[in-house]
Undergrad: 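One structure, as structure tokens, below. Some questions next.
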Amino acid sequence: MKKIGTNRWALAFFALLLGTAALYSCQSGGPSGGFADAASAVYVAPGEYDEFYAFMSGGFSGNVTVHGLPSGRLLKTVPVFSQFPENGWGYSEETKGMLETSWGFIPWDDSHHPQLSQTDGVTDGRWLFINANNTPRVARIDLTTFETDEILEIPNSAGNHASPFITENTEYLVASTRFSVPIPQRDMPISEYKGNFQGTISFIRADRPGEMDVAFQIVVPGYNYDLSNAGRKASAGWAFLTTYNTEEAHTLLEVNASRHDKDFIAAVNWKRAEGCVAEGAGRDVPAEYMHNHMGPGRLTYSEVKRSVRMLEPEDCPNMIFFLPTPKSPHGVDVDPSGEYIAAGGKLAAVIPVHSFTKMLQAIENQDYETVIDGIPVLRYEAVLAGEVTEPGLGPLHTEFDDQGYGYTSMFISSEIVKWRLGTWEVVDRVPAYYSIGHLMIPGGDSGQPWGKYVVALNKITKDRYLPTGPELAHSAQLYDITGDRMRLLLDFPTMGEPHYAQALPAHIIKDRQVRIFPLEQNTHPHATLGEGRARVERDGNIVRVYMITIRTHFTPDNIEGIRLGDTVYFHVTNLEQDWDVPHGFAMMGARNAELLIMPGETRTLKWVPQRVGVYPFYCTDFCSALHQEMQGYVRVSPAGSDVPLLYYTGSPN
Ligand code: K7E
Ligand code: CUA
């Protein structure tokens, strides 16, 4: 009986979802008047800058894109977890180690949640972090170079979705398993999931570049852990994570994980956990995971880590509590004051908001409904601050402005709903085209929002753009939120499915940009720090080409004496010391990628010649009027040939 009821209920929601999509697809979706004015609000005149940098997750592209706001213009793709042929990321000898994992080389992933570093709860523009969802990892992007310079794998995790959510001084990234699994991994029947599979919540030390590490992991019941958010101000020292599937179902989750009226928000006192670990609580458990970072010489340094500190709830009493929360909650978001914890119960009819103060009181009073695996479950009514009633359908994620309002994305009813903190009344709503997932206000997930715009990150675009075959453009929309009513200003496409995004005022990082890498600091072991040092060296079957590039030639530009069976490394050093003068390098028949070499940098392409002949290489980046003259030849002779090694550095050597 119960099962049938749940089925019907799920079906009803599905029908509603289809109905909603149909409804929207019938609308024109076009301007409804007043858009001339909107156009001028997003117009950034030629030669002028956008006001904000927005960092958009690349979703299943595994990378990050950078857009300007309000224009929506795409400024850059920052490759992170996926190879990127445009600049050789993950293909060049210097960078491919960044994609090494305990499973070997993995050249793609799925990234969802960009997080900007914070100081005292305020976005500080030092770094951007993002998760790899599939093969659990987190990455650090340096915002002076817009390059990924560190990737850490997370052991005992499966589906690193509730990740990476940053504490208010960037002490930790909070990262949790979406999928519970046997820990440690072992061969066992899936039907024995319940009670045997477990989740983990990882705390990753994040504030020391090059030294990211899993400080400790908390072992939690075998639920799905979906999203997370760290406390701030009042609630600094805590982290909050949503759970679903508290039913511990392992099949047909669409029905079986929707039975409970309430799942939980897990509230973790990480300051306390940190204290317990410092006192020796928990145990060091064998684990194998990789840490890769860009170090001296701009080379990848990789290290295999072999153990992790794991804490059970019993090891550290009062470290973790469950807050009952309706109904398969997705997002959890803490307001700028740190007092309110809003949940997005994707199947719930309300937006429940918990009070941090009441939570502390309930803990003090031991106002528990029950205790699960050593984790006290607080009473819903004892922790609830209020419920936003009739918000719409399918609440997912909430962001905040600096005027005391929350903005929640409603997936099913496809709208943004604005509500007031404290009174919980809905004050405005505006449609999103269509099926909004995350939304983003610059700083709207920190102690200091810049509440000028909200960006909707949508799942479906339908009729919004010129159609492009079976897959349509991914879409974001920009709304002005400075007035009483939200106002749609702009649609703009994104690269890869946009999940979350974060943004900051451009002035915070604009003037900190690295323009060149000084040649005198180039410590790459195969750098060529001057044209006179360009050369070719053979060591058995290994040939190293010490090549320089400067407008508008390569040295050496002709190479003979290469034989089948050789492996050739082109170590190309760009001698330019000017901003925005990279050179490219492409070798015919190379089976990896091109290189794009920044001024002062050395990058290496590995090439295994396959055919006898004479083959060209050239510069792929239109660098000057004589760019087309940037070329050279490599002569490939048969194996065992006695053609001598010869290279031209202006004259033959
Ligand atoms: Cu809601 Cu992966 Cu943050 Cu997408 S998640 S929407
Ligand atoms: Cu160098 Cu084109």
Side-chain angles (χ1 to χ4, degrees), residues 56-62 87 109-115 130-134 136 159-165 174-179 224-229 241-242 244 328-333 343-346 394-399 408-412 414 416 432 434-440 445 455-460 474-476 494 496-502 547-555 557 572-576 578 580-586 594-599 601 603 616-632:
M56 325 281 272
S57 74
F60 42 78
S61 85
N87 65 4
D109 213 297
D110 174 27
S111 59
H112 287 218
H113 302 121
Q115 284 275 296
I130 191 160
N131 62 325
N133 201 12
N134 183 37
N160 175 42
H161 191 261
S163 168
F165 290 91
V174 184
S176 189
T177 42
R178 172 165 164 211
F179 308 107
N224 290 55
Y225 295 81
D226 211 9
L227 267 304
S228 147
N229 208 221
L241 299 102
T242 46
Y244 65 102
S328 299
H330 183 58
V332 53
D333 296 284
K346 52 192 188 275
L396 290 187
H397 298 284
T398 299
E399 294 261 302
T408 301
S409 55
M410 310 301 288
F411 176 78
I412 296 173
S414 193
I416 298 174
Y434 306 94
S435 301
I436 179 173
H438 276 271
L439 73 180
M440 181 274 282
D445 180 32
V455 176
L457 301 150
N458 303 324
K459 299 302 180 196
I460 297 171
H474 296 283
S475 153
T494 66
E497 184 183 25
H499 284 269
Y500 192 37
Q502 289 209 324
M547 182 180 279
I548 64 91
T549 172
I550 191 161
R551 281 163 292 179
T552 31
H553 57 275
F554 294 102
T555 306
D557 69 350
V572 187
T573 300
N574 180 351
L575 295 182
E576 306 282 354
D578 263 357
D580 200 25
V581 192
H583 290 287
F585 178 80
E594 304 162 9
L595 297 176
L596 195 64
I597 311 127
M598 298 304 128
E601 181 182 60
R603 284 287 178 255
F617 57 83
Y618 71 100
C619 173
T620 51
D621 185 317
F622 205 107
C623 49
S624 70
L626 296 174
H627 156 80
Q628 288 297 80
E629 281 68 20
M630 287 194 75
Q631 65 164 55

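Because only heavy atoms are used, hydrogens play no part in the values below, and waters and symmetry mates are left out as well, while side chains stay in. Counting starts at 1 for both ligands and their atoms, following the listed order.
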Undergrad: Which of the numbered atoms in ligand 1 are under 4.0 angstrom from any heavy atom belonging to His438?
TA: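 Per the distance check, 1 (Cu), 3 (Cu), 4 (Cu), 5 (S), 6 (S).
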
Undergrad: Using only heavy-atom distances, determine whether the side chains of Tyr500 and Glu399 contain a donor-acceptor pair under 3.5 Å.
TA: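 Glu399 and Tyr500 do have a side-chain donor-acceptor pair below 3.5 Å.
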
Undergrad: Quick check on contacts: which atoms of ligand 1 are under 4.0 angstrom from a heavy atom of Leu227?
TA: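 Counting atoms of ligand 1 from 1, those under 4.0 Å from Leu227 are 3 (Cu).
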
Undergrad: Can you tell me how far apart NE2 (His553) and CG (Leu626) are? Round to the nearest 0.5 Å.
TA: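 Rounded to the nearest 0.5 Å, the NE2-CG separation comes to 11.5 Å.
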
Undergrad: By atom name, which N, O or S atom belonging to His627 lies closest to atom 2 (Cu) of ligand 2?
TA: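 For His627, the N, O or S atom at the smallest distance from atom 2 (Cu) of ligand 2 is ND1.
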
Undergrad: If the cut-off is 4.0 Å to any non-hydrogen atom of His113, which atoms of ligand 1 fall inside it?
TA: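 Those of ligand 1 that fall under 4.0 Å from His113 are 2 (Cu), 3 (Cu), 5 (S).
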
Undergrad: Return yes if a side-chain donor-acceptor contact under 3.5 Å exists between Asp333 and His397, otherwise no.
TA: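 Side-chain D/A pair, Asp333 to His397: absent.
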
Undergrad: Using a strict cut-off of 4.0 Å, indicate which atoms of ligand 1 neighbour a heavy atom of Lys459.
TA: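 So the answer, numbered in order with elements, is 4 (Cu), 6 (S).
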
Undergrad: Just to the nearest 10 degrees, tell me the angle at atom 1 (Cu) of ligand 2 spanned by His583 ND1 and Cys623 SG.
TA: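 Answer comes to 100°, rounded to 10°.
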
Undergrad: Near His330, which atoms of ligand 1 are under 4.0 Å from a heavy atom of that residue?
TA: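 Answer, ordered by atom number: 1 (Cu), 5 (S).
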
Undergrad: Less than 6.0 angstrom separating the ring centers of Phe622 and His583, yes or no?
TA: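 Between Phe622 and His583, the centre distance exceeds or equals 6.0 Å.
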
Undergrad: Just say parallel, tilted or perpendicular for the rings of His330 and His161, cut-offs at 30° and 60°.
TA: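 Rings of His330 and His161: tilted, 30 to 60°.
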
Undergrad: Once the angle between the rings of His499 and His438 is folded into 0 to 90°, is it parallel (under 30°), tilted (30 to 60°) or perpendicular (over 60°)?
TA: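 Perpendicular, since the angle between the ring planes exceeds 60°.
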
Undergrad: Which atom, among the N/O/S set of Asp621, is closest to atom 2 (Cu) of ligand 2?
TA: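 It is O, the N, O or S atom of Asp621 closest to atom 2 (Cu) of ligand 2.
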
Undergrad: Tell me the nearest of His161, Arg178, His499, Glu497 to atom 2 (Cu) of ligand 1, using heavy-atom distances.
TA: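 The residue whose heavy atom sits nearest atom 2 (Cu) of ligand 1 is His161.
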
Undergrad: Give a yes/no answer: is there an N/O/S atom of Met630 under 2.8 Å from atom 1 (Cu) of ligand 2?
TA: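 So Met630 does bind atom 1 (Cu) of ligand 2 by this criterion.
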
Undergrad: Is a donor on one side and an acceptor on the other found under 3.5 Å between the side chain of Asn131 and the backbone of Ser111?
TA: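 Not at all, since once roles are kept as given, no pair shorter than 3.5 Å links the two residues.
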
